[in-house]
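Working notes, beginning with the structure itself.
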There are 2 protein chains.
Amino acid sequence: MNDKHKHILEAAEQLFAEKGFNGTSVRDIAGAAGVNIAMISYYFGSKENLMIALIDYRSEYTRDILEEMNNNKMLTPWDKIEKLIDLYVDKILNNYRFYRIMTLHLATSQSDEIREKIIEIKAGNFELIKKIILEGQRKNVFRKIDMELTIGTVMGTIAQVTSSRSLYCKLLKIDIKDDDGYRKKMTLKLRTHLKQMLKAHLHIQNT
Amino acid sequence: MNDKHKHILEAAEQLFAEKGFNGTSVRDIAGAAGVNIAMISYYFGSKENLMIALIDYRSEYTRDILEEMNNNKMLTPWDKIEKLIDLYVDKILNNYRFYRIMTLHLATSQSDEIREKIIEIKAGNFELIKKIILEGQRKNVFRKIDMELTIGTVMGTIAQVTSSRSLYCKLLKIDIKDDDGYRKKMTLKLRTHLKQMLKAHLHIQNT
DNA sequence: TTTAATCAATTAAACGTTTGTTTAGTTTAA
DNA sequence: TTAAACTAAACAAACGTTTAATTGATTAAA
């Protein structure tokens with residue numbers, strides 16, 4: 001995996017996020033990366049293998065950060081929830097193209113191999129978050145909630161903002177072409193909203 | 001728009017939801033619907049027009065129900081929120097194929113005309129929900145929250161469950177082929193979870 | 001130092017399929 | 001008889017992939 005490999009992957013990522021996997025041709029990718037069409041087969045074997053290489057390329061580190069946070073004994077469950085939200089909001093909004101591709105591929109049944117790979121990664125992250133919430137419940141600071149859907153709400157809200165960007169640009173009157181403006185505004189809004197909501201949701205009521 | 005039109009649209013809907021718009025060929029659709037390939041151009045003009053026809057076909061009524069609920073003076077804001085959740089969860093999970101297509105199409109920039117159509121529909125629904133929340137705030141039963149992201153959370157959570165179905169089937173140990181089982185289980189879980197969460201989120205704290 | 005050999009990197013061109021759409025003709029029903 | 005419904009076949013264009021030839025750099029022998 002040299003610089004040229006990465007350069008092609010990053011060009012492919014942009015196109016896949018914009019037009020979807022099937023909407024992007026190998027010629028598009030080669031054109032955007034400025035290489036010969038045959039180089040893509042030569043480097044990756046096939047278009048599908050290129051997609052798998054892209055997932056591997058982008059999936060590094062997330063797990064490490066989550067695991068490290070999970071093992072940190074200094075942080076309270078509330079701290080961990082706040083850190084978790086910051087981590088995910090930042091990570092997804094800074095790699096929104098890649099996450100859009102993951103969502104698109106998970107929704108459609110194009111390639112079993114790719115889908116299994118994505119599910120494996122997501123399920124792993126899911127378990128780590130579950131541990132944080134369970135710890136909070138054991139320490140009696142979180143109430144009983146629907147575990148899967150609570151995590152689904154966090155993921156889903158962030159995914160909504162990245163996958164329906166054109167809708168939110170219209171609603172919030174942000175220029176659709178202003179990538180940076182959208183990301184900055186949404187990062188702030190998402191962090192505040194999710195923390196406020198999860199605080200209310202997880203807090204033990206005294207009613 | 002006769003029965004044969006509808007039959008083709010429903011075959012297309014299934015395939016688009018499974019394989020995406022670009023992943024589905026006109027021959028696939030014709031084959032699934034049991035009609036000659038040329039009939040699709042004859043009926044709809046083009047593949048893109050077929051998609052637009054599908055959106056029109058499935059977008060009826062939602063607005064009407066929302067508007068009727070909004071104008072109902074007997075319901076409290078809390079009642080409306082509960083009704084809203086029931087309506088959306090049922091509607092989306094019973095038409096999950098169609099909603100997956102909408103999400104896929106909104107995320108990618110394949111056709112401006114189609115995307116604009118979807119944005120228009122979604123933005124309209126957005127405004128109606130906004131009115132419900134604003135009414136609750138005016139009556140001092142809802143607290144101040146991030147309007148766009150609160151609605152985004154409701155939509156996003158439901159969308160998450162439909163677009164990442166294969167992930168949730170693995171997590172909840174539901175057979176991936178058991179369409180009905182998944183829908184019934186998720187309808188219940190979603191209704192409970194969203195009501196519980198929104199109640200905590202919108203409730204006026206006395207801290 | 002020059003020459004020859006070697007091998008990966010790169011290319012243009014072509015491969016056979018599949019794509020969405022159209023044509024030209026046939027069937028059906030009023 | 002006429003117009004709409006329907007079909008098999010063909011269309012050019014685009015698809016992912018492969019081929020065969022060429023380049024460029026590295027190594028070994030003369």
Whole angstrom is fine here: how far is it from [atom1] in [X] over to [atom2] in [N]?
X	N	atom1	atom2	answer
B/Ile29	C/dT21	CD1	C1'	13 Å
B/Met39	C/dT23	CE	P	17 Å
B/Leu50	C/dT19	CG	P	16 Å
B/His5	D/dC6	NE2	P	9 Å

ring-ring contact (aromatic ring centres under 6.0 Å, His included) partners of B/Phe44, counting only residues at least two apart: B/His5
Taking the six-membered ring of [Y] as reference, does the cationic atom of [X] (NZ for Lys, CZ for Arg) lie under 6.0 Å from its centre and within 45° of its axis?
X	Y	result
A/Lys91	A/Phe98	no
A/Lys189	A/Tyr168	no
B/Arg165	B/Tyr182	yes

Output for pair (B/Ser46 OG, B/Ile40 CD1), nearest 0.5 Å, gives 11.0 Å
Grab the N/O contacts between the protein and nucleotides 15-21 of chain D below 3.5 Å, and write none if there aren't any.
{"residue": "D/dG16", "atom": "OP1", "partner": "A/Thr24", "partner atom": "O", "Å": "3.4"}
{"residue": "D/dG16", "atom": "OP1", "partner": "A/Lys47", "partner atom": "NZ", "Å": "2.8"}
{"residue": "D/dG16", "atom": "OP2", "partner": "A/Val26", "partner atom": "N", "Å": "2.8"}
{"residue": "D/dG16", "atom": "N7", "partner": "A/Arg27", "partner atom": "NH1", "Å": "2.8"}
{"residue": "D/dG16", "atom": "O6", "partner": "A/Arg27", "partner atom": "NH2", "Å": "2.9"}
{"residue": "D/dT17", "atom": "OP2", "partner": "A/Lys47", "partner atom": "N", "Å": "2.9"}

Would one find a side-chain N or O of B/Lys4 under 4.0 angstrom from OP1 or OP2 of D/dA5? no
Please work out if B/Phe44 contacts a base, only the sugar-phosphate, or nothing of the nucleic acid, heavy-atom cut-off 4.0 Å. nothing
A/Met74 side chain near A/Asp79 side chain, heavy-atom distance below 4.5 Å: no
